[in-house]
Amino acid sequence: MTEFLPAEEQLRVLERGVVDLVERKELLDRLEKSRQEGRPLRIKLGIDPSSPDIHLGHAVVLRKLRDFQVLGHQVIVLWGTATAMLGDPTGKNKTRPTLTREQVEANKQTYKAQVGRVLDLDRIEERENGEWFDAMGFMGAVRLAAGTTVARMLERDSFEKRYRAGEPISVHELLYPIMQGWDSVELRCDVEIGGTDQLFNLHMGRELQRREGQPAQICLTTPILTGLDGTEKMSKSLGNYIGVTEAPRDMFGKCMSVPDDRMREWFTLVTDVPMDEVEALLAGHPRTAKVALARAVTALYHGADAGDAAVAEFDRMFREGGTPDEMPEHFVDRPDGAEQLLLPNLLAAIGFCASTSEARRLIQGGGVKVDGEVAADPKSGVGAGTYHVQAGKRKHARVTVL
RNA sequence: GGGCGGAUACCCAAGCGGCCAACGGGGCCAGACUGUAAAUCUGGUGGUUCUACCUUCGCAGGUUCGAAUCCUGCUCCGCCCA
């Protein structure tokens, strides 16, 4: 733990894929000091457990945290149990509904398991800001708020826009940045990291720490990752995401669908591939580069073997039109007394299509294969037996008709 | 409180008494092409026992042989005046 790399070398790792670094010089100095004193820096990431699923977009900031962890620093995951109930106004044009304690606790548990996909959970310091806010009391909160002006708060982009547009801003929302800043005081953070939309909040920590006579924390922000569509930010509601718990095959396949011109961004933010290697790959054939990207991502979450297996399987499935390593098994009954099970009903029964009508259309469009043969007649059916059923390029299943 | 305009399938948006399961665009799905893509082209995009039938056009009623289209009430949204 006391063996820290030279500050410059650490900084090189930490700077990768970073948008804001306030201030770079301060970070360098503090890394140097930490090295001399053999004291790890304290790095905070605040997480409001408001949505329970983590995708690669969330993972960007977690991975930056991991960089710090690997370099021997102390990572603090701060659960915003108090702030989650407020709802961070960041990027929202509306007041967010507040959560109950039970929801927060439940989300926290699922969240934590997924955070473990990126961070070494044994080495994090895990805290909750309810620890101090619950005990602060109303007057304490008032004293805390007294140090900041409304004008200062309204500097914040999202507040300013809403204010100018005549949209409501609740008083409690103005308190959110102050609370987040106070967390840094309580935890004596050296660095706080977050997405670019967090810059204002991170600055609040600096201010409050200075006021309390602490060294001001360094603020570091990571970019918002572009989703699979190549234009919108990755988000669950847009469906353009890759979850950190997804199966290797899906993870790989989705990575392969990332647009070419987003590969540099993805390599930088989502993988550990060294940047000179990335540049070399990008200079070569795009497909080779993308395979490397997809393999790297898959390997990160499932291990190198899974990454290699995914490459092989993908080649077979898409270049040669073959079948996957393993397919889901389904057993379907024939209707009473019938010789055959109609194909549309089969597809609906195994969940490949939402309805028999949809299945029918897919069949007519030539998108369905049974044992490798295109089945273009919606009236066709299959008798008892086991079949390899394929809908589109991706959906395969071994279906046994009973 | 008053006036006006709007609510149509995942989103935008036509339709304004029968030819409407409802134009068009986006998105999405499938096919061709390809590097897995992108771009391009083609088809599809309510349900079913599928050349027919059933349920849809904010909600509830009504007029009519027949309504997404007309009338009444309700709910929600936008704009304007107070």
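Naming: A, B, ... by sequence-line order, numbering from 1 per chain.
Classification of A/Arg30 and A/Asp190 as a salt-bridged pair holds, one side-chain N sitting under 4.0 Å from a carboxylate O. Taking 4.0 Å as the cut-off between side-chain N and carboxylate O, A/Arg206 and A/Glu192 do not count as a salt-bridged pair. A salt bridge between A/Arg210 and A/Glu207 is absent, with no side-chain N of the basic residue lying under 4.0 Å from a carboxylate O of the acidic one. A salt bridge is defined here as a Lys NZ or Arg NE, NH1 or NH2 lying under 4.0 Å from an Asp or Glu carboxylate O, and A/Glu125 with A/Arg127 meets this definition.
Taking atom C1' in both B/rU45 and B/rA21, one finds a spacing of 12 Å when rounded to whole Å. Taking the P atom of each, B/rC33 and B/rU48 are spaced 32 Å apart, rounded to whole Å. Only the P atoms considered, B/rA38 is 13 Å distant from B/rG31, to the nearest whole Å. Across the C1' atoms, B/rA7 and B/rC28 are found 25 Å apart, a figure rounded to whole Å. Remark: the separation of the P atoms in B/rC57 and B/rC70 is 15 Å, to the nearest Å.
For B/rC33, there is no paired nucleotide, since no Watson-Crick or G-U wobble pair has both relevant distances below 3.5 Å. With a 3.5 Å ceiling on both atom-pair distances, the Watson-Crick or G-U wobble partner of B/rG78 is B/rC4. Using N1 to N3 plus N6-O4 or O6-N4 for Watson-Crick, or N1-O2 and O6-N3 for G-U wobble, each under 3.5 Å, B/rG27 pairs with B/rU45. Partner assigned to B/rA22 is none, using Watson-Crick or G-U wobble distances below 3.5 angstrom. When Watson-Crick and G-U wobble pairs are counted only if both distances are under 3.5 Å, B/rA38 pairs with no nucleotide at all. Look at B/rA68: it lacks any Watson-Crick or wobble partner with both distances under 3.5 angstrom.
Following rounding to the nearest Å, A/Phe352 (CZ) and B/rC28 (C1') show an atom-to-atom distance of 18 Å. When the P atom of B/rG35 is taken as reference, atom NZ of A/Lys393 falls 13 Å away, rounded to whole Å. Protein atom CE of A/Met317 is 18 Å distant from nucleotide atom P of B/rG35, rounded to whole Å. Look at NZ on A/Lys254: it is 13 Å from P on B/rC28, rounded to the nearest Å. Remark: P of B/rA37 and CG of A/Asn240 are 18 Å apart, rounded to the nearest angstrom.
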Inset, instruction - Heavy atoms under 4.0 Å is the rule here; annotate nucleotides 44-57 of chain B 5' to 3' with B where the base is hit, S where only the sugar-phosphate is, and - elsewhere. - result: SS-SBSB-------
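Residues forming a salt bridge (charged side-chain N to carboxylate O under 4.0 Å, His left out) with A/Arg66 (at least two apart in sequence, or on another chain): A/Asp272. Legend: residues meeting side-chain hydrogen bond (donor to acceptor under 3.5 Å, both in side chains) with A/Gln36, ordered by chain and number and at least two apart, are A/Glu32. Remark: A/Glu279 pairs with A/Arg264 by the side-chain hydrogen bond (donor to acceptor under 3.5 Å, both in side chains) rule, at least two apart or across chains.
Within 6.0 Å of the CD atom in A/Glu339, the count of heavy atoms belonging to other residues, nucleotides or ligands does not exceed 12.
For the pair A/Lys254 and A/Tyr241, the cation sits on the ring face: its NZ or CZ lies under 6.0 Å from the ring centre, inside 45° of the axis.
Comparing A/Gly253 and A/Lys395 by the nucleotide of RNA chain B whose heavy atom lies nearest to each, the residue mapping closer to the 5' end is A/Lys395. Annotation: of the two residues near RNA chain B, A/Val258 and A/Gly365, the 5′-most nearest-nucleotide partner is A/Gly365.
Using a 4.0 Å cutoff on non-hydrogen atoms, the parts of residues 260-268 of chain A near RNA chain B are A/Asp260, ordered by number. Listed by residue number, A/His285, A/Pro286, A/Arg287 are the residues of residues 270-287 of chain A with a heavy-atom contact under 4.0 Å to RNA chain B.
A/Glu265 and A/Thr226 are linked by a side-chain donor-acceptor pair at a separation below 3.5 angstrom, with hydrogens and angles left out of the test.
Ring-plane geometry between A/His73 and A/Phe68 is classed as perpendicular, the angle between the planes exceeding 60 degrees on a 0 to 90 degree scale with a lower cut at 30.
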Inset, instruction - Go through the steps for A/Arg334 and A/Gln340 under the test side chain to side chain contact (heavy atoms under 4.5 Å, CB included), then give the verdict. - result: CA-CA 7 Å; A/Arg334 272 173 295 159; A/Gln340 295 219 312; 5.8 Å; no
